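Structure record follows, encoded as structure tokens.
Quick caveat, the model's predicted, so the values are computed rather than measured. Letters A, B, ... are given to chains in the order of the sequence lines, protein chains preceding strands, and every chain is numbered from 1.
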Protein chains: 2
Amino acid sequence: MKAIEKFLEEKHVRPTAMRMLIFKFLAQKQVAVTLADIEIAFEKSERTTIYRTIKTFENSGIVHVIEDGSGVSKYALCEAGCNCELDSDLHLHFHCEICKETQCLTETKIPHINLPPGFTATDASLVVKGTCDKCNKE
Amino acid sequence: MKAIEKFLEEKHVRPTAMRMLIFKFLAQKQVAVTLADIEIAFEKSERTTIYRTIKTFENSGIVHVIEDGSGVSKYALCEAGCNCELDSDLHLHFHCEICKETQCLTETKIPHINLPPGFTATDASLVVKGTCDKCNKE
DNA sequence: ATAGTCCTGCAACGGAAGTGCATTTTTTCC
DNA sequence: GGAAAAAATGCACTTCCGTTGCAGGACTAT
Ligand SMILES: [Mn+2]
Ligand SMILES: [Mn+2]
Ligand SMILES: [Zn+2]
Ligand SMILES: [Zn+2]
């Protein structure tokens with residue numbers, strides 16, 4: 001918990017109680033979570049606080065958003081030392097159609113794409129759908 | 001217009017007036033459109049009709065949905081002879097951060113991705129953001 | 001200790017997607 | 001052609017998610 005506090009300070013985010021709890025929650029999860037997921041985990045706290053906490057995390061490069069096509073945004077911690085939005089960090093996101101969970105496959109980077117003439121890229125997102133390793137074992 | 005009628009019939013979609021108009025609208029557009037875009041183009045018709053028309057088109061493989069991260073779904077006609085959702089047809093979608101428009105780059109297919117062990121894919125979507133050819137000329 | 005800044009809680013708003021049901025239009029079949 | 005059935009449309013209402021305004025509380029700096 002002390003480590004979390006230090007981490008948030010390094011990111012210039014004041015380590016309030018709620019922020020540390022939400023950070024811890026995200027760190028424990030192996031999959032991306034929705035705002036609703038966090039709400040359920042912290043019944044006592046307010047929707048808005050969670051919303052703004054995540055926004056703060058997002059703006060500070062602590063979490064990144066994942067649009068997996070399910071219609072709702074999901075969030076996951078950025079990799080250590082990740083500068084979100086930089087080409088080098090763009091990894092793949094996998095959405096399992098069985099368990100409906102989305103996870104970062106941080107080892108699998110998005111390959112370089114050759115765009116048609118005239119187009120220039122600043123960012124890319126790749127979402128693969130299918131069956132995840134856990135669901136394939138059953 | 002007669003060609004549109006025939007095309008819809010081939011797809012087992014009854015060629016009603018509204019459906020043909022919406023199809024024509026989509027065919028003229030070079031970019032993906034939102035339901036709201038269609039509403040604006042056809043002020044007289046009902047939101048629900050447009051909504052259900054697009055759903056019908058989607059289920060019949062006439063249009064495909066594009067989630068470009070803007071939060072709203074966009075739609076574009078499938079390529080001729082496209083079997084949506086099949087690997088061979090997966091092309092890239094480009095979202096321009098200047099003009100905010102999204103287009104299908106049907107020539108640029110999604111490269112094959114090597115997933116970690118245990119994962120199997122059925123579908124993929126790749127959205128690249130940046131500046132489109134038109135906006136780069138200015 | 002005071003003022004200023006930041007965080008949190010509550011309430012309300014907004015856009016977009018989706019559903020139920022009555023009405024109209026189109027097809028089917030005699 | 002006309003009645004019955006099926007399909008499409010229009011209208012109202014709902015839900016879900018994200019977002020904002022504002023007021024009170026906690027924290028920080030001097
Ligand atoms: Mn990720
Ligand atoms: Mn496309
Ligand atoms: Zn799974
Ligand atoms: Zn552009």
Exercise for review: Give a yes or no on whether a donor-acceptor pair under 3.5 Å exists between the nucleobase atoms of C/dC10, that is its base, and the side chain of A/Thr48.
Suggested key: yes

Between [X] ([atom1]) and [N] ([atom2]), how many Å, whole number?
| X | N | atom1 | atom2 | result |
| --- | --- | --- | --- | --- |
| A/Leu21 | C/dT8 | CG | P | 11 Å |
| A/Arg19 | C/dC6 | CZ | P | 11 Å |
| B/Asp68 | C/dA16 | CG | C1' | 14 Å |
| B/Glu9 | C/dT26 | CD | P | 14 Å |
| B/Leu8 | C/dT26 | CG | P | 15 Å |
| A/Ile50 | C/dG9 | CD1 | C1' | 12 Å |
| A/Tyr51 | C/dC7 | OH | C1' | 15 Å |

Point to revise | B/Arg14 or B/Gly71, whichever maps to the more 5' nucleotide of DNA chain C | key: B/Gly71

Point to revise | Contact nearer the 5' end of DNA chain C, comparing B/Lys55 with A/Thr56 | key: A/Thr56

Spell out, as yes or no, whether a donor-acceptor pair under 3.5 Å connects the side chain of [X] to the backbone of [Y].
| X | Y | answer |
| --- | --- | --- |
| A/Arg14 | A/Glu9 | no |
| B/Asn136 | B/Asp133 | no |
| B/Gln30 | B/Gln28 | yes |
| A/Asp37 | A/Val33 | no |
| B/His12 | B/Ser60 | no |

Exercise for review: Show your working on side chain to side chain contact (heavy atoms under 4.5 Å, CB included) between B/His64 and B/Cys104 and close with a plain yes or no.
Suggested key: CA-CA 10 Å; B/His64 61 283; B/Cys104 300; 3.5 Å; yes

Practice item. Could you tell me the separation between the CD1 atom of B/Ile110 and the CG atom of A/Leu126, rounded to the nearest 0.5 Å? Key: 6.5 Å

Check your understanding: Are side-chain N/O atoms of A/Glu97 and B/Thr122 paired as donor and acceptor at under 3.5 Å?
Key -> yes

Study note, to complete from the structure: Contact span of DNA chain D against chain A, any nucleotide atom under 4.0 Å from a heavy atom, 5' to 3', runs D/dC17 to D/dT28

Exercise for review: Consider only side-chain heavy atoms of I, L, V, M, F, W and Y, link residues closer than 4.5 Å, and tell whether B/Phe94 and B/Leu90 are in one cluster.
Suggested key: yes

Practice item. Side chain of A/Arg52 only, please: which of C/dT27, C/dG18, C/dC10 is the nearest? Key: C/dC10

Revision key, fill the gap. Residues in residues 31-47 of chain B with a heavy atom under 4.0 Å of DNA chain C, by number, are B/Leu35, B/Arg47

